[in-house]
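This report concerns only the one structure given below.
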Amino acid sequence: MRIAMISEHASPLAVLGEEDAGGQNTHVAELAAALVGEGHDVRVYTRRDSTSLPESVSTPDGYQVCHVPAGPACRVPKDQLLAYMGEFGRWLADRWRHGDWRPEVAHAHFWMSGLATVHAGRRTGVPVVLTYHALGTVKRRHQGARDTSPPGRAGYERALGRAVDRVIVQCADEVGELVRMGVPRSRMALVPSGVNQGVFRPDGPAAPRDPARPRILTVGRLVERKGFLEVVRALPAAPDAECVVVGGPPADLLPADAFARRLRALAESCGVADRVRLIGGVPREEMSRWYRSADVLVAAPWYEPFGLTPLEAMACAVPVIGTNVGGIADTVVDGLTGDLVPPRDPRALGRAIRRLLADKLRRFAYATAALDRIRSRYSWKRCAQQLGAVYAAVATAARPAPAVA
Ligand code: UDP
């Protein structure tokens, strides 16, 4: 099939770990590659956020990335992009109507892409599938007044749930949220993300470490909701361990990062500063080295729409201690492939870390079961096949293109 993927702020070509670049970029890149592997013709549309970007790029994985001129050709925080989604949608509609490539289905990632894609879909008859990746209602619940999303986000998300042909949900928790928002259950398909098991695997080089000191790894964008502060607060419970934090701006820019400074100050006041190492953001291809160097991955977000890092660690045979939220509650099986603890509870987290670091046999058992779980359930190939079936179903049911715009 000819498949368009729309990811307005998250380019599959971006460097990860910075404020607006994380799981969605990886998701779109891996999914596009896996769909090509299934024989599909895939184009990814993302906003042109630099004057140096060409109109389109062919990737080694066989999909094309098209840079859409919508808004200024510079970095704009994603929460300020709403104003350009009309322009984005009109550009798509124009290309699909008059260009030489018209998709049979368009898969939008994130609600703002959803708005642009529904606009284009209405004008061209192309059916639309949407993955939210994150929900405004959940963000608002956890971040309150600190949530910088545009006003009206929750309303747009609710409307989108009824306007698109299918909503792809990534975990059971999201199904519940969407049902509460009034999205019909019949419109949802549950297709969890995958993990690249060629890259994230147990064998291969590992980042250097002190063999005498247990290593806790924690990974993600340096934002409060990812739970790094709680990990630092839990550290006194594991007196020998070092905590390596991967993510955020590159190492040379870390000193200027406000959250990194806050993390360091907290580590000082908890008396663990000598055991906390901030690495900064690293390129995607270096991530597996960091996982392999760790005894445990701690993923302690307050909430998590899906959460790729636990899957990546599990694929590297590293046990996970995660908070019992969002996708982590589906991917980590408590007491079998890892431990689940309540969010924002450094005491419970500290106890779980101390217990697991003291029990090599349990770590080994978790790692083995985690690897089995990844191999049987979480490949991008499986994800692409399941989505392929959804795309085929919506394309078959699609309405003919309207004669006039
Ligand atoms: N990541 C990376 N370099 C970093 C930090 C993170 O490549 O320095 C990747 C990580 O391997 C994962 C993604 O960024 O693939 C983060 O995804 P996740 O779903 O855990 O969180 P999100 O950022 O989407 O909230």
Side-chain angles (χ1 to χ4, degrees), residues 7 9-34 78-79 109-110 131-135 138-139 142-143 149 170-171 173-174 192-201 207 217-228 231 244-254 257 259-260 263 277-294 297-316 318 320-323 325-332 343 374 378 380 383:
S7 180
H9 71 277
S11 167
L13 307 175
V15 178
L16 302 189
E18 294 191 32
E19 177 100 30
D20 280 341
Q24 188 178 325
N25 307 67
T26 306
H27 180 104
V28 170
E30 293 286 359
L31 180 57
K78 74 170 184 283
D79 287 335
H109 296 264
F110 201 59
T131 302
Y132 286 101
H133 287 275
L135 287 170
V138 179
K139 194 170 182 193
H142 289 277
Q143 299 195 347
S149 302
Q170 295 201 270
C171 64
D173 185 59
E174 192 183 359
S193 290
V195 59
N196 186 330
Q197 294 164 48
V199 173
F200 296 101
R201 49 193 296 157
L217 178 71
T218 185
V219 178
R221 293 173 288 124
L222 290 188
V223 293
E224 194 174 24
R225 71 116 173 145
K226 286 286 179 183
F228 299 115
V231 180
V244 171
V245 183
V246 171
D252 53 328
L253 300 177
L254 270 182
D257 184 88
F259 190 81
L263 211 50
R277 274 180 63 198
L278 304 191
I279 303 299
V282 306
R284 202 180 313 182
E285 53 281 10
E286 280 181 28
M287 284 305 304
S288 57
R289 292 175 58 243
W290 287 102
Y291 290 119
R292 287 188 208 109
S293 77
L297 175 86
V298 172
W302 301 354
Y303 65 93
E304 189 60 88
F306 183 73
L308 286 175
T309 59
L311 281 192
E312 292 168 352
M314 288 162 75
C316 292
V318 174
V320 177
I321 297 176
T323 43
V325 297
I328 302 178
D330 285 5
T331 48
V332 175
I374 292 295
Y378 294 106
W380 284 110
C383 180

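Everything quoted here is computed from the prediction, not taken from an experiment. Read the numbers this way: they start at 1 and go in the same order the structure lists the ligands and their atoms. For the numbers below, each heavy atom of this structure counts, side chains included, while hydrogens, waters and symmetry mates do not.
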Could you list the atoms of ligand 1 found under 4.0 angstrom from a heavy atom of R221? 22 (P), 23 (O), 25 (O)
List ligand 1 atoms under 4.0 Å from G281, heavy atoms only on the residue side. 8 (O)
Given side chains that start at C-beta, do those of S193 and Q170 come closer than 4.5 Å, heavy atoms only? yes
Looking only at heavy atoms, what is the nearest atom pair of V223 and F228, with distance? O-CD1, 4.1 Å
As a check for students: among M287, Q24, R225, identify the option with a heavy atom nearest to atom 7 (O) of ligand 1. M287
Which atoms of ligand 1 are found less than 4.0 Å from any heavy atom of G307? 19 (O)
In terms of ring plane angle, is the pair Y303 and H142 parallel, tilted or perpendicular, where the classes change at 30° and 60°? parallel
Show me which atoms of ligand 1 lie under 4.0 Å from any heavy atom of E312. 10 (C), 11 (O), 12 (C), 15 (O)
What are the two closest non-hydrogen atoms of G198 and N196, and how far apart are they? N-OD1, 2.9 Å
Yes or no on side chain to side chain donor-acceptor pair (under 3.5 Å) for E304 and T323, after CA distance, side-chain angles and deciding distance? CA-CA 9 Å; E304 189 60 88; T323 43; over 6 Å; no
Sub-4.0 Å atoms of ligand 1 with respect to non-hydrogen atoms of R284: 7 (O)
For ligand 1, is there an atom lying under 4.0 Å from some heavy atom of E285? no
Compute whether any side-chain donor of one residue and acceptor of the other, for Y132 and E174, lie under 3.5 angstrom apart. no
State, to 0.1 Å, how close L254 and I279 come at their nearest heavy-atom pair, and which atoms those are. CD1-C, 4.0 Å
Nitrogen or oxygen atoms of L308 and ligand 1 under 3.5 Å apart: yes
Purely on distance, is any nitrogen or oxygen of G23 under 3.5 Å from one on ligand 1? yes
What do you reckon, does H27 put a non-hydrogen atom under 4.0 Å from ligand 1? no
Any N or O of V282 closer than 3.5 Å to N or O of ligand 1: yes
Under 4.0 Å from one or more heavy atoms of V246, ligand 1 contributes atoms 8 (O)
Between OG1 on residue T131 and CZ on residue F110, distance to nearest 0.5 Å: 12.5 Å
Pick from E286, E304, K226: the one approaching atom 21 (O) of ligand 1 most closely through a non-hydrogen atom: K226
Search all heavy atoms of L311 against all heavy atoms of T331 and return the closest pair with its distance. CD2-CG2, 3.6 Å
